[in-house]
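The structure appears right after this line, and notes come after that.
We name chains A, B, ... by the order of the sequence lines, and we start the count at 1 in each one. The analysis underlying the following values was restricted to heavy atoms, covering all of them including side chains, and did not include hydrogens, waters or symmetry mates.
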2 protein chains.
Amino acid sequence: MRSFMQSVSETGYLPPLYQCWLNIVKSFFSSLSGLLIAVVLGPEIVIGWARIGNLLAESAFPAPSIAREGSLQQSHSGSRLAFRGGKRMGHTMREVAKRAGVSPATVSRVLNKTHYISVETERRVLEVVGQMKYFKNVHARRLATGRSDLFGLVISEIANPYFPEMIHGFQAAAWDRGFDVLLCNTQYDQARTKSILRKLIESDVRGVAVMTSSIDRSMASELIEAGIGVVFCNVSPAEKLLSTISIDYQRGIEQAIEHIVGLGHRCAAVIAGPDDNRTAITIKDALVAGLKKRDLHPLPVISSNYRIDAGASAVRAILSTPDKPTAIFCGSDLIALGAMSALEEAGAGIPEDISVIGIDDISFAFLARPPLTTIRVPRERVGATAFEALDRMLKLKRRKGADYYLETELVIRRSTTTAR
Amino acid sequence: MRSFMQSVSETGYLPPLYQCWLNIVKSFFSSLSGLLIAVVLGPEIVIGWARIGNLLAESAFPAPSIAREGSLQQSHSGSRLAFRGGKRMGHTMREVAKRAGVSPATVSRVLNKTHYISVETERRVLEVVGQMKYFKNVHARRLATGRSDLFGLVISEIANPYFPEMIHGFQAAAWDRGFDVLLCNTQYDQARTKSILRKLIESDVRGVAVMTSSIDRSMASELIEAGIGVVFCNVSPAEKLLSTISIDYQRGIEQAIEHIVGLGHRCAAVIAGPDDNRTAITIKDALVAGLKKRDLHPLPVISSNYRIDAGASAVRAILSTPDKPTAIFCGSDLIALGAMSALEEAGAGIPEDISVIGIDDISFAFLARPPLTTIRVPRERVGATAFEALDRMLKLKRRKGADYYLETELVIRRSTTTAR
DNA sequence: TTGAAAGCGCTAACAT
DNA sequence: ATGTTAGCGCTTTCAA
């Protein structure tokens with residue numbers, strides 16, 4: 001509720017009918033300073049009450065309702081012709097207005113549904129818009145309103161199968177609310193990352209979801225200073241303009257370990273992701289801790305990378321340990337798939353000789369042979385939640401961030417079985 | 001509505017004056033169902049605040065749900081009238097100019113390196129820019145110059161592993177030239193597609209790469225009429241503002257067939273992509289024609305879809321044909337992987353019992369077990385070429401399109417072997 | 001309900 | 001080499 005109210009306050013969006021209602025209220029209460037009013041129409045339309053506060057303050061309602069006589073006659077309009085200096089612009093609103101015999105303002109109002117316009121006028125305008133195939137110019141709009149309807153989504157590498165579903169979740173959520181998203185891949189490159197951040201600021205995005213570990217809090221400060229909301233993954237805690245989403249690997253990992261223990265395994269290895277990756281480290285630590293707690297020697301523990309052939313060399317190391325483990329926990333499905341390939345090369349049967357557990361549940365996990373037992377990360381939800389987090393935070397008056405949590409869970413397939 | 005009103009009036013906090021006002025409002029709006037009204041007085045006094053929340057939660061607002069909010073926001077600070085009407089602009093060029101003691105034009109020239117500026121002036125400007133952490137506003141720039149540095153990339157579904165690398169190729173090429181890209185997924189949805197096209201036009205993109213078969217030439221005419229360059233995949237021929245990229249499946253398919261024939265296969269089946277997909281049809285036709293040419297009975301020929309479990313039912317059909325084929329050509333790797341899973345389920349050994357060939361060479365093809373023999377489509381190149389095509393076309397005075405061709409080639413792995 | 005006019009922040013002639 | 005000025009197309013008061 002509270003956040004709802006704040007969202008009300010920030011939108012500053014006043015549909016027409018209420019304008020009229022507002023006038024009534026205004027005149028009625030003109031003597032009462034400090035009156036704030038909020039109007040909400042259905043779940044969608046919201047009127048800012050802080051805005052109204054502004055109004056009240058600004059105009060102080062000097063008995064506005066009484067029509068003043070002898071109002072100043074404005075000098076007539078210049079009505080100069082808009083000439084387009086050879087640029088390949090489409091039609092402009094002015095042209096539409098002229099053709100429809102109304103003012104540009106009216107066209108704007110029709111197109112944005114910000115005021116009630118007489119049915120007849122509206123019809124005429126829309127007709128002309130259709131005839132001329134007029135499309136409004138987003139940049140002009142953004143400039144005029146001072147706000148953009150863009151969000152940024154920063155990932156490290158689109159080729160990593162971890163991301164597509166997350167992107168989809170984010171984009172779908174954004175589109176649903178009428179926002180566009182600018183997708184940026186850092187490609188793990190510092191220079192590129194820098195320039196991405198600049199681009200995002202220049203593009204005046206409202207918020208940015210940073211879904212890669214290759215950007216840390218400090219790098220995001222530029223965004224925050226620019227008043228842009230940011231949401232991070234697996235970094236706490238929230239603060240002003242900064243929300244976080246934490247994926248709780250714990251639960252899934254615990255389930256996985258129980259599963260493995262239940263199958264009689266006494267010794268498991270870990271192939272973690274790269275050591276310079278926040279998330280990978282979190283996972284590794286959780287894995288090692290969990291394993292120790294259940295008295296499985298997590299040996300060896302190897303760090304790998306997220307390349308698609310990751311794990312191959314790690315597997316060699318594992319197979320050559322004296323105390324050969326009967327299960328391998330992998331820091332990602334990609335690593336697991338790589339490991340499985342390598343294991344097969346080496347003649348180790350999965351799961352007869354060695355069980356393999358992945359993390360993520362990428363779409364190929366179940367197409368692997370044997371289908372991969374893995375810890376599912378709700379990637380689409382992560383994306384959607386990231387957007388929600390931004391959207392919600394930016395509606396708060398103080399734009400204070402929040403921490404979100406998402407669960408993981410074990411998906412048992414056929415890459416795990418009882419220990420030899 | 002009614003109950004809300006009641007709840008307000010029942011709070012007992014309602015001073016008579018407002019009661020009266022409330023009555024007016026009630027009568028005024030009683031006809032508008034779904035309208036909710038909250039009244040807040042001054043900074044301190046709040047009417048029906050919590051109650052209103054309840055109501056909203058119950059009736060209109062589908063409770064936020066996801067997570068616990070960081071720290072609860074304070075009861076609204078009330079009287080704060082300071083509200084920035086949605087504009088969170090940073091500094092402007094004018095400000096920079098003033099601070100640096102030059103004109104805005106000079107700042108612009110420095111930042112864009114469009115004119116020689118005295119070293120001293122430039123230094124001063126850049127210093128101020130640094131100090132103020134000034135970022136220029138892309139929208140204003142786009143408006144002023146009348147051109148945007150945006151390109152659109154339309155795909156059907158980001159979750160399809162065919163796309164990520166293509167996206168990467170396109171984006172990388174665009175970024176290299178300083179352009180941004182707006183990525184849009186149609187999700188095979190007509191309405192969505194429509195709105196994407198509109199969005200792209202409104203965003204004044206320079207060009208659009210349409211990499212999905214779910215948009216055809218006619219749908220693109222809107223773009224072209226708006227002066228936006230378009231590049232299509234597997235559609236000929238080029239025309240003004242329309243370039244095409246054709247992936248020559250022929251060659252790869254021929255190689256694949258030679259390969260299969262060379263292995264002694266006499267009978268092959270085909271599992272093609274969906275029948276409503278241009279590319280899928282092209283591939284199917286090429287496959288069937290090629291097979292016939294080499295006297296392999298392409299039987300059965302089945303159409304499938306691009307879902308990840310595609311091919312499962314097709315496999316059943318194939319296994320039940322009397323003249324059981326010893327090889328299966330699949331319209332995509334995804335289909336092939338699905339088919340392989342299904343074959344294994346059915347107890348058919350790959351490749352001993354049946355050879356499988358895919359198309360695309362998605363990154364998982366070589367992680368499949370057995371690694372998939374497939375026809376590689378240079379997806380990254382497709383993306384990069386799409387951008388090139390647009391960029392080049394738009395530089396031409398007549399903006400005449402061109403046709404580009406990309407080759408495919410067979411990649412032999414272990415899912416194919418000699419016929420039984 | 002509608003119109004007129006003043007910008008939004010930047011660039012690009014045209015001056016100097 | 002730098003300043004002035006006039007918009008780009010749209011939204012948004014304010015006025016009617």
Side-chain angles (χ1 to χ4, degrees), chain A residues 12-14 16-17 19-20 51 54-55 58-59 64 67-98 100-112 114-122 124-125 134-148 202 204, chain B residues 85-97 100-112 114-122 124-125 134-148 202 204:
Chain A
Y13 176 70
L14 199 57
L17 179 56
Q19 189 101 39
C20 130
R51 190 103 170 81
N54 262 356
L55 254 179
E58 282 167 355
S59 51
R68 289 180 293 152
E69 292 181 43
S71 49
L72 302 181
Q73 187 75 41
Q74 286 305 324
S75 63
H76 63 279
S77 69
S79 151
R80 72 238 175 285
L81 292 180
F83 58 92
R84 27 244 212 70
K87 322 207 171 180
R88 78 122 215 288
M89 293 286 180
H91 301 286
T92 73
M93 210 149 106
R94 205 188 237 71
E95 290 170 338
V96 173
K98 209 157 84 183
V102 298
S103 74
T106 301
V107 177
S108 168
R109 297 196 263 248
V110 169
L111 260 26
N112 298 307
T114 48
H115 283 2
Y116 281 139
I117 294 288
S118 74
V119 192
E120 165 55 14
T121 307
E122 173 165 351
R124 221 171 47 240
V125 169
Y134 164 77
F135 290 88
K136 57 184 195 264
N137 180 319
V138 149
H139 307 303
R141 180 200 168 84
R142 285 175 185 159
L143 184 55
T145 59
R147 50 145 85 73
S148 89
E202 289 181 0
D204 192 30
Chain B
K87 323 216 172 189
R88 70 112 192 305
M89 296 287 183
H91 302 285
T92 74
M93 209 148 112
R94 205 186 239 72
E95 291 170 337
V96 173
V102 297
S103 75
T106 301
V107 177
S108 168
R109 295 196 264 249
V110 169
L111 260 27
N112 298 307
T114 47
H115 286 348
Y116 282 134
I117 294 287
S118 75
V119 191
E120 167 54 16
T121 308
E122 173 165 354
R124 218 168 52 237
V125 169
Y134 164 77
F135 290 89
K136 55 185 196 258
N137 180 318
V138 153
H139 308 303
R141 180 201 168 84
R142 285 174 186 160
L143 184 55
T145 59
R147 61 154 151 279
S148 87
E202 288 181 0
D204 191 30

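- Between B:T106 and D:dG3, a side-chain N or O to OP1/OP2 separation shorter than 4.0 Å is present.
- Residues satisfying the salt bridge (Lys or Arg N to Asp or Glu O under 4.0 Å) criterion with A:R109, sequence neighbours excluded, are absent altogether.
- Note on A:S118: only backbone sugar-phosphate atoms sit closer than 4.0 angstrom, heavy atoms only; bases stay farther off.
- For B:Y134 against B:V96, the heavy-atom pair with the smallest separation is CG-CG2, 3.6 Å.
- In this structure, B:R142 contributes its side chain and B:S148 its backbone to no donor-acceptor pair below 3.5 Å.
- In this model, the phosphate group of C:dT11 is approached by a side-chain N or O of B:S108 to a distance below 4.0 Å at OP1 or OP2.
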Under 3.5 Å, which N/O atoms of the protein pair with N/O atoms of nucleotides 14-16 of chain C?
none

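- Contact annotation for B:T121: backbone-only contact, meaning every heavy-atom pair under 4.0 Å involves sugar-phosphate atoms and none involves a base.
- Rounded to an integer number of Å, the gap from NZ of A:K136 to P of D:dC10 is 9 Å.
- With rounding to whole Å, B:E95 atom CD is found 8 Å from C:dG9 atom P.
- In this structure, A:H139 NE2 and B:D204 CG are separated by 5.0 Å, a value rounded to the nearest 0.5 Å.
- The side chain of A:N112 places an N or O atom within less than 4.0 Å of a non-bridging phosphate oxygen (OP1 or OP2) of D:dT11.
- Contacts of A:R141 classified as side-chain contact (heavy atoms from CB on, under 4.5 Å), with partners at least two apart in sequence or in another chain: A:N112, A:K136, A:T145.
- Residue B:A105 places its side chain closer to C:dA12 than to any other of C:dT11, C:dG7, C:dA12.
- Residues satisfying the salt bridge (Lys or Arg N to Asp or Glu O under 4.0 Å) criterion with B:E122, sequence neighbours excluded, are absent altogether.
- At whole-Å resolution of the value, NE2 in A:H91 and C1' in D:dC8 are 17 Å apart.
- Listed by chain and residue number, nothing satisfies the side-chain hydrogen bond (donor to acceptor under 3.5 Å, both in side chains) test with B:T114 (two or more places apart in sequence, or in another chain).
- Put simply, NZ on A:K98 is 17 Å from C1' on D:dC10, counting in whole angstrom units.
- Atoms CZ (B:R142) and P (C:dA12) sit 15 Å apart, rounded to a whole Å.
- A sub-4.0 Å separation between OP1 or OP2 of D:dG3 and a side-chain N or O of B:S103 is present.
- Between the CG atom of A:N137 and the C1' atom of D:dC8 there is a distance of 8 Å, rounded to whole Å.
- With C:dA12, D:dG7, D:dG9 as the choices, the nucleotide that has an atom nearest any side-chain atom of B:T145 turns out to be C:dA12.
- Of all heavy-atom pairs between B:A97 and B:S103, the closest is CB-C, 3.6 Å.
- Atom C1' of nucleotide D:dT11 and atom CZ of A:R141 are separated by 8 Å, given to the nearest angstrom.
- Taking the screw axis at each terminus of the helix from C:dT1-D:dA16 to C:dT16-D:dA1 from five consecutive base pairs, the angle between the two is 30° to within rounding of 10 degrees.
- Residue B:V107 is out of contact with every strand shown, counting any heavy-atom pair closer than 4.0 Å.
- Atom OG1 in A:T106 sits 8.5 Å away from atom CE in A:M93 (nearest 0.5 Å).
- Spacing between atom CZ of B:R94 and atom P of D:dG7 amounts to 16 Å, rounded to whole angstrom units.
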